[in-house]
Peer 1: 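Okay, here's the structure, questions in a sec.
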Amino acid sequence: MLAQLFEPMVLGGQTLPNRFVLPPLTRSRAQADGVPTPLMAEYYRQRAGAGLVISEGTVVSPQGSAYPQVPGLYTEAQVEAWRPVVAAARSKGAAVYAQLWHVGRQAHSSVQPDGRPPVGPSPIAIAGWEYRTPDGPVPFEVPRALSEADIAGIIAQFVTAARNAVAAGFDGVELHAANGYLFDQFFNSSSNQRTDRYGGSIENRLRFLYEVIEAVSAFVPVNRIGVRISPSSNWMDVSDPDKRSLYSALVRGVSDRRLAYLHLVEPGIAGAVDAETDPTAIESTELGALFDGPVIVTGGHTPETAAAAVGSGSADLVGFGRLFIANPDLPRRVLHEAELSGLREEGLYAGGPIGYTDYPELQSSN
């Protein structure tokens, strides 16, 4: 059955060698100014056996960042430093996409370039979570509500980042519309209580995403633009009384735009409701059926469950997060039925090679 994972497929006009996806994984190894490092090139080289490699979340501006040592795509120095990383990621035939990211209200004034509170759709602070500063956790701040002119400025930031992704050699881009970040803040009524054309109805709350897609598509073909969503997640206090209608409309909307793929975060992972116990959970099969194009599912899969999803047609590609961290040559290990290594907590976020590039690959004799 695992042979399903090794069937090639076409994505955005490119033939992928297999159905394995290296999903976006924040590892915090960039420089303080968001410039990628040679160590990152080695990390992606090790995992280049995936059919599709999606970069870690890459911020579109200093305003869009919340965490130290995450990469960006808004300066020429960042573009130059991404080029060898992208080349390493595609060294074994993978397609390589950049995940474009703006955290919105998940940031803090201490890391904003102007020292002011972060931005969001409405002046509503995140409740039930804390922002981690170097001095310890603090409450999230009330964000500054974005004006329509501000929104246009952020759309321009995404366009610049997409153009820079192309210049750095990426094959396409993924818009990070999951996990309670800026797009997700616009989608959900708990964080979006606007009364203008970006709030109120579901159609209005989806408008920001659609305008970014349209603007970015002037520089990246629509069949090379993907979108990642987390329909069953309440992460960082994003909630809505009718997520099923909300995300069904979203999926139909992006399907109409003929995007490269829909990337679904599975129910039950951290920050999401449990699909087995919570009736509000939305199964990926339900939303995937609404999307006329390739579907990626990510979240807690084993090779066996991934092969079953591909074999049943409920997914076309499967992301492996923790397994790919601990097993840099995961497709090769699965092909040879080799033992899979376990994940170490050390080095998950920030640091040097330990916990990042020091997981062993199979010896050539295997």
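Every heavy atom of this structure was used, including side-chain atoms; hydrogens, water molecules and symmetry mates were not.
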Peer 1: For the ring pair F320 and F20, is the centre-to-centre distance below 6.0 Å?
Peer 2: yes
Peer 1: Does any part of the side chain of L25, heavy atoms only, come nearer than 4.5 Å to the side chain of E56, both counted from C-beta?
Peer 2: no
Peer 1: If you define the side chain from C-beta out and look only at heavy atoms, does anything of L340 sit under 4.5 Å from L330?
Peer 2: yes
Peer 1: Is the number of heavy atoms from other residues, nucleotides or ligands within 6.0 Å of CD (E304) greater than 12?
Peer 2: yes
Peer 1: Name all residues meeting the salt bridge (charged side-chain N to carboxylate O under 4.0 Å, His left out) criterion together with R29; count only those two or more places apart in sequence or in a different chain, and write none if there are none.
Peer 2: none
Peer 1: Looking at D292 and R257, is any side-chain nitrogen of the basic one under 4.0 Å from a carboxylate oxygen of the acidic one?
Peer 2: no
Peer 1: Apart from Y181 itself, what residues make up its hydrophobic cluster, given side-chain heavy atom links below 4.5 Å?
Peer 2: V59, Y67, V70, Y74, W101, V103
Peer 1: Check the pair S147, D150 against side chain to side chain donor-acceptor pair (under 3.5 Å), reporting the backbone distance first and the verdict last.
Peer 2: CA-CA 5 Å; S147 68; D150 293 330; 3.0 Å; yes
Peer 1: Decide yes or no for V318 and V21: does some side-chain heavy atom of the first lie under 4.5 Å from some side-chain heavy atom of the second?
Peer 2: no
Peer 1: Between E141 and R105 (salt bridge meaning N to carboxylate O under 4.0 Å), is one present in this structure?
Peer 2: no
Peer 1: With the threshold set at 4.0 Å, does a side-chain nitrogen-carboxylate oxygen contact exist between R45 and E361?
Peer 2: yes
Peer 1: Is the ring pair H108/Y131 parallel, tilted or perpendicular, if the boundaries are 30 and 60 degrees?
Peer 2: parallel
Peer 1: Can you see which heavy atom on V238 is nearest to which on K243, and at what distance?
Peer 2: O-NZ, 3.6 Å
Peer 1: Please report the C-alpha distance between F183 and F158 in whole Å, then the side-chain angles of each, then the deciding distance to 0.1 Å, and finally whether the ring-ring contact (aromatic ring centres under 6.0 Å, His included) criterion is met.
Peer 2: CA-CA 12 Å; F183 287 114; F158 274 94; 5.1 Å; yes
Peer 1: Applying side chain to side chain donor-acceptor pair (under 3.5 Å) to E211 and Y198, what does each step give before you reach the verdict?
Peer 2: CA-CA 11 Å; E211 289 184 350; Y198 293 98; 2.6 Å; yes
Peer 1: Under the ring-ring contact (aromatic ring centres under 6.0 Å, His included) test against F170, which residue among W82, Y44, Y97 passes?
Peer 2: W82
Peer 1: With distance as the sole criterion, is a donor-acceptor pair present between the side chains of Q112 and D114 under 3.5 Å?
Peer 2: no
Peer 1: Are the side chains of I54 and P23 in contact, using a 4.5 Å heavy-atom criterion?
Peer 2: no
Peer 1: Return the minimal non-hydrogen interatomic distance between L182 and G120, and the atom names on each side.
Peer 2: CD1-CA, 4.4 Å
Peer 1: Can you confirm if the NZ or CZ of R205 lies within 45° of the ring axis of F187 and under 6.0 Å from the centre of its six-membered ring?
Peer 2: no
Peer 1: So, is the end of the R344 side chain (NZ or CZ) under 6.0 Å from the ring centre of Y359 and within 45° of the ring's axis?
Peer 2: yes
